[in-house]
Amino acid sequence: MATRDDDAFVLPLAEVRHGLRADCGRCFALCCAALPFTASSDFAFDKPAGVACGHLGEDFGCTIHASLRERGFAGCVVFDCFGAGQHVAQHTYGGTDWRQAPETARDMFEVFPVVRVLHELLWYLTEAEALPSARSMRAQLAAAVTETERLARLSPPELLALDVEAHRANGNALLVKASELARAAVPGRADHRGADLIGKNLAGADLSGASLRGAQLVGADLRGAKLRLADLTGADTRGADLSGAQLEHGLFLTRPQLTAARGDAATTLPPWLERPSHWA
C-alpha cells in the first residue's frame, strides 16, 4: 500500500478512487435495469438483463433500499459499479436517461457492463501503481491506467466494439506481476489461487503473502487472520467472518468484498476503504 515513502502517490490514488466511487444520484439506475438477477440467496427473484427491477422508482431510486438485505436482495447491497454508472449516464450519454430516450436503452444497457469492467480494472491498476515494490513497473502501470481511462471515454459504438476482455487480460497480467513483486517479501507464502476454502476454519491463520486470487472464501472463518500482503483479487468473501482480521496491508481488496463479509471494530482496513455499516 502507499506509505510515507510513497506520498507522491497518495493524492493521485485518492483522486482516481474518488472517481471510481458510485454516485447513484448521478446515474440512471443502470445496475437495476441493465444487469440480470438470478433467484438465489443474493436475489429474491429472477430478472433478465435489460428489464428494470420491479422495485425501481420513477426517480431511479430503489423503493426498498432501506430493507434490501431483509427482503432478500443482499446482492444489490454488495454490488459496486466503481463509478461506471454515473460515467455512462453523464459522460457517455451526456445526461440523457433511457426513459427520456428509449431508443438509447438497449445500447446504454450494453455499454454499462463494459465501462464497469474498465473502472474495476482502474481500481486495481491504481493500487498496483502505488505499491512500493512495483517501482520497476510504474511506467507500465501508468500507461495501462492512461489507456484504460481513454477506453472508458470512447463513444457508445466504440465501447460496444471493444474487446474489453482482452484488455482486462492484459491488465491482469500486470497485476499478477505486481502482486508477485509485493509478496516476494514474505518467505514461505502459500498459494491458494482459486482454492475452494468454503466454510474453512482459518481463524488466526497466518496468510501473509498468500495468493488468494479467485479463492472461494464463502462462509470461511477468518477471525484474527493475518493477511498482510495477501493477494485478494476476486476472492469470494460472501458470509466470511473477518472479525479482527488484519487487512490493512492486504492487496487488491475492494468495497464489495468487505460488504459481502462480516467484520467488527477490530478488523483493520486500508485507509481508503470504509468499514461497512452492517458490521456494527
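Note that the numbering runs from 1 along the sequence shown for the chain. No experiment lies behind these values; they were computed from the predicted model shown.
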Single-linkage hydrophobic cluster Leu175~Val164, side-chain heavy atoms < 4.5 angstrom: no
How far does CZ of Arg275 sit from CG of Leu269, to the nearest 0.5 angstrom? 4.5 Å
Does Arg228, at its CZ atom, have more than 12 non-hydrogen atoms belonging to other residues, nucleotides or ligands within less than 6.0 Å? no
Linking I/L/V/M/F/W/Y whenever any side-chain heavy atoms sit under 4.5 Å apart, do Leu273 and Leu222 land together? yes
CD-CZ distance between Gln216 and Arg238, expressed to the nearest 0.5 angstrom: 7.0 Å
Quick check: are there more than 12 heavy atoms from other residues, nucleotides or ligands sitting under 6.0 Å from NZ of Lys200? no
Crowded around Arg223 CZ? As in, over 12 foreign heavy atoms under 6.0 Å? no
Working to the nearest 0.5 angstrom, can you tell me the gap between Arg153 CZ and Glu158 CD? 12.0 Å
Applying side chain to side chain contact (heavy atoms under 4.5 Å, CB included), can you list everything that pairs with Arg69, at least two apart in sequence or on another chain? Ala74, Val77, Thr259, His278
dist Leu122:CG -> Glu120:CD (nearest 0.5 Å) comes out at 10.5 Å
If the plane angle is over 60° it's perpendicular, under 30° parallel, otherwise tilted; pick one for Phe45 and Phe37. tilted
Phe60 ring centre to Arg99 NZ or CZ under 6.0 Å, with the angle to the axis within 45°? yes
Using the side-chain contact (heavy atoms from CB on, under 4.5 Å) definition, which of the options Leu197, Asp231, Thr233 pairs with Leu212? Leu197
So does Leu174 get a backbone contact from the side chain of Gln140, meaning a donor-acceptor N/O pair under 3.5 Å? no
Common cluster, Val115/Tyr124, ILVMFWY with side-chain heavy-atom separation under 4.5 Å: no
Donor-acceptor pair, side chain of Ser133 and main chain of Leu131, under 3.5 angstrom: no
Those residues at least two apart in sequence (or on a different chain) that pass salt bridge (Lys or Arg N to Asp or Glu O under 4.0 Å) with Asp206 are none
